[in-house]
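Below you'll find the structure, written out as structure tokens, and then a few comments.
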Amino acid sequence: MTDRELVDMAKKAMGFAYAPYSRFRVGAALLAKDGRVFLGCNIENASYGATNCAERTAVFKAVSEGVREFEKIAIVASSGDYAAPCGICRQVLFEFMPHGTVILDSEEKGMKRFSVEELLPMGFGRVDMK
Ligand code: THU
């Protein structure tokens with residue numbers, strides 16, 4: 001699975017975004033270590049705080065189906081520009097793929113890659129709870 005293919009899948013997932021409030025649509029495609037891909041989109045709510053981001057939708061779908069090991073996640077947004085994952089999503093990515101890669105795509109500038117550790121330095125994890 002190339003990064004380009006994963007970005008294209010994230011674009012497909014963005015088509016399912018439910019974002020009537022912000023009108024900012026986000027799509028994510030999460031590649032598990034077993035080769036499966038889980039798609040996610042943002043799902044907003046009239047009670048704004050109940051909104052779920054695209055990245056977390058993808059991770060929670062996978063984990064709820066017994067898949068917990070991931071390699072990389074591609075994220076795209078309707079702005080066409082890079083969409084940096086929010087703080088809560090960074091924390092969730094750190095939980096399940098601390099050594100994984102985040103791929104962001106901009107229609108004009110192309111793909112950019114970050115490690116999860118780079119996006120959440122000194123993140124709080126299980127080891128900190130000992
Ligand atoms: N959003 C995501 O889906 N992922 C992020 O990491 C940033 C924000 C969504 C949530 C909300 O539906 C919209 O973008 C505006 O914040």
Keeping S115 on the side-chain end and E118 on the backbone end, is there a donor-acceptor pair under 3.5 Å?
yes
For a 4.5 angstrom cut-off between non-hydrogen side-chain atoms, does E95 reach R126?
yes
If you compare all heavy atoms of R36 against all heavy atoms of D34, which two are closest, and at what distance to 0.1 Å?
N-OD1, 2.9 Å
Heavy-atom nearest pair, V116 first then L93, reads CG1-C, 4.0 Å
Would you confirm whether S78, through its side chain, and R25, through its main-chain N or O, come within 3.5 Å as a donor-acceptor pair?
yes
Do V37 and F96 sit in the same hydrophobic cluster, where Ile, Leu, Val, Met, Phe, Trp and Tyr count as joined when their side-chain heavy atoms come under 4.5 Å apart?
no
How close do F124 and M129 get, heavy atom to heavy atom, and via which atoms?
CZ-CG, 3.6 Å
Do side-chain atoms of E117 reach the backbone of H99 as a donor and acceptor pair under 3.5 angstrom?
no
Once rounded to the nearest 0.5 Å, what's the spacing between atom SG of C53 and atom CZ of F60?
9.5 Å
Give a yes or no on this: more than 12 heavy atoms of other residues, nucleotides or ligands lie within 6.0 Å of atom NZ of K12.
no
Hey, any chance V76 and F38 share a hydrophobic cluster, counting ILVMFWY side chains that come within less than 4.5 Å of each other, even indirectly?
no
Going by distance alone, is a donor N or O of one side chain under 3.5 Å from an acceptor N or O of the other, for T57 and N52?
yes
Please answer: with hydrophobic residues joined when any side-chain heavy atoms are less than 4.5 Å apart, are V67 and L31 in the same cluster?
no
Hydrophobic clusters here meaning ILVMFWY residues chained together by side-chain heavy-atom distances under 4.5 Å, can you tell me if V59 and L120 are in one?
yes
Just so I know, are the side chains of I103 and V7 near enough to count as touching, which here means a heavy-atom distance under 4.5 Å?
yes
Ignoring hydrogens and angles, tell me if any N or O in the side chain of E44 forms a donor-acceptor pair with the backbone of S22 under 3.5 Å.
yes
Regarding R90 and E55, does a basic nitrogen lie under 4.0 Å from an acidic carboxylate oxygen?
no
On a heavy-atom basis, the closest approach of A29 and L39 is CB-CD2, 3.8 Å
Are there more than 12 heavy atoms of other residues, nucleotides or ligands under 6.0 Å from atom CZ of R68?
no
Run the numbers on E71 and M97 for side chain to side chain contact (heavy atoms under 4.5 Å, CB included), then give the verdict.
CA-CA 7 Å; E71 213 175 283; M97 49 186 291; over 6 Å; no
With a 4.0 Å cut-off, would you call K112 and D105 a salt bridge?
no
Would you call the rings of Y48 and Y21 parallel, tilted or perpendicular, where under 30° means parallel and over 60° means perpendicular?
tilted
Got a second to check how far I73's CD1 is from F114's CZ, nearest 0.5 Å?
14.0 Å
Could you measure the distance from the OH atom of Y82 to the CD atom of E107? Nearest 0.5 Å is fine.
11.5 Å
Distance in Å, Y18 OH paired with T51 OG1, rounded so as to fall on 0.5 Å steps:
9.5 Å
Can you name the closest pair of heavy atoms from A28 and A58 and give their distance?
CB-CB, 4.4 Å
Quick check for you: to the nearest 0.5 Å, what is the distance between K72 atom NZ and M1 atom CE?
8.0 Å
Has the side chain of N42 got a donor or acceptor atom that lies under 3.5 Å from a matching backbone atom of V26?
yes
Gap separating the CE atom of M9 from the CG atom of L30, nearest 0.5 angstrom:
11.0 Å
Identify the heavy atoms of D81 and A77 that sit nearest to each other, and give their distance.
O-CB, 4.3 Å
Hydrophobic cluster membership, with links at side-chain heavy-atom distances under 4.5 Å among I/L/V/M/F/W/Y: are F24 and L104 in one?
yes
